[in-house]
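Computed from heavy atoms alone, side chains included, the values below leave out hydrogens, waters and symmetry copies. Every value quoted in this text rests on a predicted model; they were computed, and no experiment measured them.
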Amino acid sequence: MAEFGNPEVVQEEVDILLIGGGMACSGAAYEIGPWVQAAGADIKVKLVDKAAMDRSGAVAQGLSAINTYIGSEQDPADYARMVSNDLMGITRDDLAYDLGRHVDESVHLFEEWGLPIWKTDENGERHDGSKGMTPLKDGGKPVRSGKWQIMINGESYKWIVAEAAKKALGMDNIQERIFIVKLVNDKNDPNRIAGAVGFSVREHKLFIFKAKAILLAAGGCVNIFRPRSVGEGQGRAWYPVWNAGSTYAMAAEAGAELTMMENRFVPTRFKDGYGPVGAWFLLFKSKATNAFGEVYMDRNKEMLDDYPPYGQAAVPASCLRNHLMLKEMREGRGPIWMDTVTALANLRETLSPREVKHLEAEAWEDFLDMCIGQCGIWAGENIEPEKKNSELMPTEPYLLGSHSGCCGIWTSGPDDVGAPTEETEAGVPEHLPKGWNWGYRGMTTISGLFTAGDGVGASGHKFSSGSHAEGRMAAKAMVKYVMDNKDFTPELDTDVDTLIEEIYRPVRNYLEHKDYTTAIDVNPNYITPRMLQFRLQKVMDEYVAGVATYYTTNEHMLDLAEQKLEMLKEDALKMRAKDLHELLRAWENYHRILTAEAHMKHIQFRQESRYPGFYYRMDKNFVDEENWKCFVNSVYDKETKTYKCFKRAHVDIVDKAKLFK
């Protein structure tokens, strides 16, 4: 235990530090080499990941479709329109448009590296990726399950992308199983990043990195709300459970401006297994019904008129589709069913026997590619989708910026699409930039700190391919930043001994008090990370619009949540760590609490219910286009440990009228 309490300290200086091993950092790792070479300078790049890159990030378990591929049928402006409408009108068109003009290149790279992509032949017949056929970049026709989605055989998707990243960056420049838990600002400039601190989850080592530029892309946030799966299902979630809000919490503590942290995603998924529904709705053309076989999207379609113009689009916003389903559940017309039986029967009437057989196999492979647990549910409940329908259920809320959510960090966008250069809303802190571009694509409001993927706020629907493309864009920008700041030498604003004590506080708590009681988990002087997480989830679930209240809250419930989270932050300093695994869990919890607090404060500040179906402020149960069609942003003061929220003006760069014709 003495070794555990006194870790070996490893200090390293690099030029660029990549934090994370998911799609965004994999994209950056692949892309950065040629730009370093083109710069003609000795730029040292290091990637650190708390897991192993082969199975790191949201794509870890695989995917059955790439959800963002523009192709020749649409253009980046169409993509920006879709993103805006699905997120109830408040997104950064500059970020979405910029991504739309770059994302396809990443998809072409995936195919080149070996990802099997479904194609249609000259007769319009579908073939899975094993058949090869003409590559997308040479005019191959993908099988589209929706306007933006293309089908893949994706069980090994992340392996393929990670292999390319590791080969490009070199394993000498990659350290796995290191959990970065804190960013450190520069001693001479508090608005500049200087380094990061973390620890090995396998050895008793603490790592301190100094860096001129950092890419923070450690995923979104899961398990701040009490999950629907409890007991033996503990740990089942729709988004990866290891996404602990580290991106948002570390950025906030460093002083970076956050945006749209009130936004959350509550996906409707197959009950208990959290299995994906996209292929069933889009590819199999299945419909969801109430207990009486009524299609609730038809039964309740007049409810969409309450939310103009977003309800009038050809595809209503995701939250509104949830809104119509929740009416059925609240009024006792559940359970909700995915009518797989009718969908597959209808397909048999139009497809060849070979195609039918392939699609029925895909009904299972859809889960085997990306959510194996759902196969266990089907097998355990004797469900054959062509014979028996399956239940649907909305999940607990998740915070993310790359899927159907847009919370995250305020980042600098492109300078060639007409984004505003001034701010028209009052109340923005003076030290923050006024426009949407301040020099480097993907840089936060902290100089040298970049983000991508789930980290970039106000621009959802990037998904896996978009996160990879955003990482590539950030890589290029970081090399330029380093070259423009060649004379900068980072100095940490906190001394090494203080950092060690802070990171290892949970260990000290354990070692100092472990002998006070005979039961190791029962001690008045510390709390286990597991118990603290239960407290957090209960607070968020019951007061901040979780499943316990059918996603409803109000001003008074939020005030109470604020008080309870304040006490929880105090209690978090008493977490214990009896081993490296608990130290990991302790710091994940700390990040979750800061992220949860940001989410709560933003909902409290926004005086409307912008996302009905995802959450309802029952005291402000309307969408207020006149006063609240704006970004809600915030900054965190690490000295007072408080968030300050404020408005930023929303501007349409892409004409949205086309959505509603």
Side-chain angles (χ1 to χ4, degrees), residues 19 90-95 182-186 189-194 213-218 220-221 245-263 399-401 405-414 419-460 470 474 477 481 591 594-606 630-651:
I19 301 175
I90 307 176
T91 53
R92 288 264 302 268
D93 282 348
D94 62 328
L95 299 178
K182 185 179 180 64
L183 301 180
V184 187
N185 296 78
D186 188 69
D189 182 357
N191 284 320
R192 185 192 284 267
I193 207 68
I214 292 177
L215 177 64
L216 176 60
C221 192
S246 301
T247 304
Y248 312 133
M250 287 195 282
E253 283 200 306
E257 181 178 353
L258 303 181
T259 186
M260 302 305 289
M261 290 301 293
E262 69 274 25
N263 180 266
L399 304 186
L400 40 87
C406 65
C407 74
I409 308 169
W410 190 251
T411 55
S412 182
T421 56
E422 293 297 325
E423 179 56 64
T424 57
E425 285 281 358
V428 179
E430 282 298 316
H431 73 282
L432 297 173
K434 297 296 183 282
W436 292 7
N437 173 277
W438 48 95
Y440 301 91
R441 176 66 166 91
M443 192 169 81
T444 70
T445 55
I446 295 297
S447 183
L449 179 60
F450 293 74
T451 191
D454 279 319
V456 176
S459 103
E470 238 174 21
Y481 177 88
H591 292 164
L594 284 187
T595 302
E597 185 182 23
H599 183 55
M600 180 275 299
K601 291 296 291 182
H602 277 235
I603 293 177
Q604 194 178 48
F605 184 81
R606 183 179 280 281
C630 61
F631 300 103
V632 170
N633 290 11
S634 65
V635 287
Y636 185 75
D637 185 329
K638 63 182 178 183
E639 300 302 323
T640 63
K641 300 189 185 316
T642 56
Y643 281 98
K644 173 182 173 57
C645 293
F646 50 91
K647 291 183 177 183
R648 277 195 184 266
H650 176 270
V651 178

S.K.: Taking C-beta and beyond as the side chain, do Glu257 and His431 meet within less than 4.5 Å on heavy atoms?
M.R.: no

S.K.: Could you walk me through whether Arg606 and Met260 pass side-chain contact (heavy atoms from CB on, under 4.5 Å), step by step?
M.R.: CA-CA 10 Å; Arg606 183 179 280 281; Met260 302 305 289; 3.7 Å; yes

S.K.: Classify the side-chain pair Ser447/Tyr481 by whether it contains a donor and acceptor separated by less than 3.5 Å.
M.R.: yes

S.K.: In terms of the angle between their ring planes, are Trp410 and Trp436 parallel, tilted or perpendicular, with boundaries placed at 30° and 60°?
M.R.: perpendicular

S.K.: If you look at every heavy atom in Thr247 and Ala217, which pair is closest and at what distance?
M.R.: OG1-C, 4.0 Å

S.K.: Does any non-hydrogen side-chain atom of Glu470 lie less than 4.5 Å from one of Ser459?
M.R.: yes

S.K.: Assess whether side-chain contact (heavy atoms from CB on, under 4.5 Å) is satisfied between Arg648 and Val428, documenting all intermediate values.
M.R.: CA-CA 7 Å; Arg648 277 195 184 266; Val428 179; 3.6 Å; yes

S.K.: Considering all heavy atoms of both residues, which atom of Ala249 and which atom of His591 are nearest to each other, and what is their separation?
M.R.: CB-O, 3.5 Å

S.K.: Is there side-chain contact between Leu594 and Tyr643, with at least one heavy-atom pair below 4.5 Å?
M.R.: yes

S.K.: For the CG atom of Asp454 and the CG atom of Leu399, what is their distance to the nearest 0.5 Å?
M.R.: 10.0 Å

S.K.: Any non-hydrogen side-chain atom of Asn437 less than 4.5 Å from a side-chain atom of Asp94?
M.R.: no

S.K.: Rounded to the nearest 0.5 Å, how far apart are CG of Leu449 and OH of Tyr440?
M.R.: 14.5 Å

S.K.: Show the nearest heavy-atom pair for residues Tyr248 and Leu400, with the distance to one decimal.
M.R.: OH-CA, 3.3 Å

S.K.: Does the side chain of Thr411 reach to within under 4.5 Å of the side chain of Phe450, using non-hydrogen atoms?
M.R.: no

S.K.: Is the closest side-chain heavy-atom distance between Leu216 and Met250 below 4.5 Å?
M.R.: yes

S.K.: Could you state the interatomic distance from CE (Met443) to OG1 (Thr451), rounded to the nearest 0.5 Å?
M.R.: 12.5 Å

S.K.: For the residue pair Phe631 and His650, does the interplanar ring angle fall in the parallel (under 30°), tilted (30 to 60°) or perpendicular (over 60°) class?
M.R.: tilted

S.K.: Hey, what do you get for CD1 (Ile90) to CG (Asn263), rounding to the nearest 0.5 Å?
M.R.: 9.5 Å

S.K.: Show the nearest heavy-atom pair for residues Asp93 and Val651, with the distance to one decimal.
M.R.: OD2-O, 4.4 Å

S.K.: In this structure, which one of Met600, His599, Lys601 forms a side-chain contact (heavy atoms from CB on, under 4.5 Å) with Ile603?
M.R.: His599

S.K.: Run the side-chain contact (heavy atoms from CB on, under 4.5 Å) test on Tyr636 and Lys644 for me, step by step, so that the C-alpha distance in whole Å, both residues' side-chain angles and the decisive distance to 0.1 Å come before the verdict.
M.R.: CA-CA 6 Å; Tyr636 185 75; Lys644 173 182 173 57; over 6 Å; no

S.K.: Taking all heavy atoms of Ser412 and all of Leu95, pick out the closest pair and write down the distance.
M.R.: O-CD2, 4.3 Å

S.K.: With heavy-atom distances below 4.5 Å as the criterion, would you say the side chains of Lys638 and Asn185 are in contact?
M.R.: yes

S.K.: Which pair of non-hydrogen atoms, one from Leu258 and one from Ala252, has the smallest distance, and what is that distance?
M.R.: CD1-CB, 4.0 Å

S.K.: Hey, could you give me the SG/CE distance between Cys406 and Met261, rounded to the nearest 0.5 Å?
M.R.: 10.5 Å

S.K.: Could you state the interatomic distance from OG1 (Thr259) to CZ (Arg92), rounded to the nearest 0.5 Å?
M.R.: 8.0 Å

S.K.: Please examine the side chains of Glu422 and Lys434, heavy atoms only from C-beta on, and report whether any two atoms are closer than 4.5 Å.
M.R.: yes

